[in-house]
Amino acid sequence: MPKEGANPWPSLYMLCTLAMRYSSAFIPTLKEIPRDATTPSHILLLRGGFIRMVGAGIYEMLPLGHRVLRKITEIVREEMDRAGAQEVLMPALLPRQYFEETGRWDLYGEVLFRLRDRKGGDYHLGPTHEEIITDMVRREVRSYRQLPLNLYQIQMKYRDEPRPRAGLLRCREFLMKDAYSFDVDEKSALASYENMREAYHRIFRRLGLAYRVVEADSGAIGGETSAEFQVLAQTGEDAIVACTACQYAANVEVASSQAPSRGPLSELPIERLYTPGQTTIEAVSRFLGVPAHQTIKALLFRVIREKRVSYALVFVRGDDEAQETKVINALGGAGIEIAMATPEEAQKLGLVPGYIGPQGLRPSSELDVLIDRSLDTGQGWICGANEENHHVRNVVIGRDTHGRIAELRVVRSGDPCPRCGGRLESYRGIEGGHIFVLGTHYSAKMRCTFLDRDGQEKPVIMGCYGIGISRLVAAAVEQSHDEDGIIWPMSIAPYHAIVIPAGNDEALFQEAQAIYRSLDEQGVEVLFDDRDERPGVKFKDADLIGIPLRIVVGKKGLSEGKAEVKARREKEPHWVALAELLGWVRTRIEKEGGRLRESKAR
RNA sequence: CGGGGCGUAGCGCAGCCUGGUUAGCGCACCAGACUGGGGGUCUGGUGGUCGUGGGUUCAAAUCCCGCCGCCCCGACCA
């Protein structure tokens, strides 16, 4: 095979360039699917030689994977800087005291990777850095004049996930950009939040990903204002709904739908029905010949609040499901854990499993009674009679019940939008970013305060903003691949283009090499497949690793003075005259959001 | 943490139930020849503590016990 020169070592010039000869690149592709990989991104990133597993939820980045990571990192960094945030770098190894201050040393539980130094001191690996950044700021900030401030870092996070999975999508070590804003008041904090929201839009747009911004549960940290940036992908862990008519979109954990209209209370009296052995909604509706949506389903949850156990009885329509996050929030939110209770527990509470109904039940300190809003229509319902082998009909919420009414059901595709009444559609997404207004949750606990204009000491108002950078590598693949491999968006592709000489003809190789060199000189990040392989092998690898532009130099085209340029995401190739090739490729790269390097050509 | 599955060459797998030559196949890898636009063909090769520790047995990849690791479903989460 013709090779350039006799010296096997690349010149210093070659070491500096971002172009690469495939024969000397470390791109160990796999023909077969590794046994342990099941999701598309995991399979393709392994097969394409981007990543390798070191342990459960711990991965190393090979050159290709690292290049993608760098591309994403650079886009994030540029947009954070543009938005006025300043980059810092905090330690991953942290002494106990900071998390102790906010109570998270205990709260975080097993998820925290804990370790001990030689002197017996407790340490942990940072799962997130609110405490550390707050400490950094409280030590220096005294006056409102020093605010607002937005500091960010890009670094590894560590969480001992109960179940790492799907390759880079859920890791125990992962690369994250986390930013924190510090403001003097609510209004300013919201402005910081909005500023980040816009920066995130620019970031996700530049990454070339299809995404939706959704309302989300703010979780244990508290705070009202938050939004998730969800990368749309069939395999996403999160279910979201979005309105087809307006901008409303939300994680199903908190998604709302329009409340049903409420008519006058029915006056039909409650009627007892004999339903022997009919203990499920399906059985009851079949037995009585009524549709499930006219029945009420009862769900008993065990509630653990500060280690105290109580119960919550939740009623939703027969054809609905209860949304656990909503149930938790209805019970008071943070710090509460719930789980389905057993029939035995129900019996202990004096309930009759399989025949529970809301009528007549009074909430107590032991038992909360929650009724979904969709049942509060004034009409009569069929539900359990709170008596073995019997149901009742004509139960009217409000008239016959004492439970609290709240929105508890899981919103479904087709439900009316809470804002505009339009149709809600379901999607699946991968959480790529999350922005929050934290308020004074950390600053108050850690006494991160400043003196305002009036000489008053006040806690700073904080916000935090995360992007799962390593997760986005996988999210991009989940969203954009086909049966042959990955299809990278131009802006985050490891290389813009790959040049393939198709055939073993010396002249052809020389021509391909000339094209490769001039592309490199023109600032194109280009791979040159100079391997002594058959064309089929090269095509397969090029498709697998997902380089956006493939330039094939073959006999047929060359005889007409043309090269074949095929976009990875398109089916048909473009035949481009050699004289126009450089310009064509450069234009195409920039049009698709890629960035050319500084040209080396004079 | 509950349920299920897996661990044999770099990768994918067979062998295990019913113990018994030198542990086998495909891919990859090395040498040579042919071939040269979708993972090509032929010839000859290299490569194994059968996850690990113990036990049973004349004999263990195979049977028994412990441990470790990985994956999937669930509970939990960026």
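In this text the structure is predicted, and so the values were computed from the model without any measurement.
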Please report the distance separating the [atom1] of [N] from the corresponding atom of [M], rounded so that it comes out in whole Å.
{"N": "B:rC13", "M": "B:rC65", "atom1": "C1'", "value": "28 Å"}
{"N": "B:rG20", "M": "B:rA61", "atom1": "P", "value": "10 Å"}
{"N": "B:rC50", "M": "B:rA9", "atom1": "C1'", "value": "10 Å"}
{"N": "B:rG2", "M": "B:rC64", "atom1": "C1'", "value": "26 Å"}
{"N": "B:rC63", "M": "B:rG69", "atom1": "C1'", "value": "23 Å"}
{"N": "B:rC29", "M": "B:rA78", "atom1": "P", "value": "43 Å"}
{"N": "B:rG39", "M": "B:rC11", "atom1": "C1'", "value": "14 Å"}
{"N": "B:rG47", "M": "B:rA31", "atom1": "C1'", "value": "15 Å"}

Any donor-acceptor pair, under 3.5 Å, between the side chain of [X] and the base of [N], if you only look at N and O atoms?
{"X": "A:Glu533", "N": "B:rG40", "answer": "no"}
{"X": "A:Asp505", "N": "B:rG36", "answer": "no"}
{"X": "A:Asp36", "N": "B:rG7", "answer": "no"}
{"X": "A:Arg550", "N": "B:rG38", "answer": "yes"}

Look at [X] and [N] and indicate whether a side-chain polar atom (N or O) is within less than 4.0 Å of OP1 or OP2.
{"X": "A:Arg534", "N": "B:rG37", "result": "no"}
{"X": "A:Thr38", "N": "B:rC71", "result": "no"}
{"X": "A:Lys538", "N": "B:rG38", "result": "no"}

Any strand counts, and the cut-off is 3.5 Å on both contacts for Watson-Crick or G-U wobble. Which nucleotide pairs with [N]?
{"N": "B:rG74", "result": "B:rC1"}
{"N": "B:rU49", "result": "none"}
{"N": "B:rU43", "result": "B:rA31"}
{"N": "B:rA23", "result": "none"}

Open item on the list: If the test is ring pair (Phe, Tyr, Trp, His ring centres under 6.0 Å), which one of A:Tyr495, A:Tyr22, A:Phe509 qualifies with A:Phe528?
Closed with: A:Phe509

Open item on the list: Judged by each residue's nearest nucleotide on RNA chain B, which is more toward the 5′ side, A:Gly57 or A:Cys171?
Closed with: A:Gly57

Open item on the list: Let me spell it out: for each of A:Glu32 and A:Leu169, pick the nucleotide of RNA chain B with the closest heavy atom. Which residue's pick is nearer the 5' end?
Closed with: A:Glu32

Nearest to the [X] side chain among [options], which nucleotide is it?
{"X": "A:Met53", "options": "B:rC13, B:rA78, B:rC71", "answer": "B:rC71"}
{"X": "A:Pro34", "options": "B:rA78, B:rG12, B:rG37", "answer": "B:rG12"}
{"X": "A:Arg47", "options": "B:rC76, B:rG39, B:rG38", "answer": "B:rG39"}
{"X": "A:Phe539", "options": "B:rG36, B:rG37, B:rG7", "answer": "B:rG37"}
{"X": "A:Asp541", "options": "B:rA78, B:rC76, B:rG39", "answer": "B:rG39"}
{"X": "A:Arg165", "options": "B:rC72, B:rG39, B:rC71", "answer": "B:rC72"}
{"X": "A:Arg35", "options": "B:rA78, B:rC6, B:rG39", "answer": "B:rC6"}
{"X": "A:Pro535", "options": "B:rG39, B:rA78, B:rG36", "answer": "B:rG36"}
{"X": "A:Pro162", "options": "B:rA78, B:rC76, B:rG37", "answer": "B:rC76"}

Are the charged groups of [X] and [Y] less than 4.0 angstrom apart, N to O?
{"X": "A:Arg77", "Y": "A:Glu74", "value": "yes"}
{"X": "A:Arg569", "Y": "A:Asp482", "value": "no"}
{"X": "A:Glu228", "Y": "A:Arg212", "value": "no"}

- [ ] Give the ring-plane orientation class for A:Tyr465 versus A:Tyr193, where under 30° counts as parallel, over 60° as perpendicular and anything between as tilted.
- [x] tilted

- [ ] Just say parallel, tilted or perpendicular for the rings of A:His124 and A:Trp105, cut-offs at 30° and 60°.
- [x] perpendicular

Open item on the list: What contact category does A:Gly554 fall into here, base, sugar-phosphate, or nothing, at under 4.0 angstrom with non-hydrogen atoms?
Closed with: base

- [ ] Scan A:Asp484 against the nucleic acid and name what it touches under 4.0 Å (heavy atoms): base, sugar-phosphate only, or nothing.
- [x] nothing

- [ ] Find the distance A:Lys566:NZ to B:rG37:C1' and express it as a whole number of Å.
- [x] 13 Å

Open item on the list: By the ring-ring contact (aromatic ring centres under 6.0 Å, His included) test, which pairs, at least two apart or in different chains, include something from residues 550-578 of chain A?
Closed with: A:His574-A:Trp584

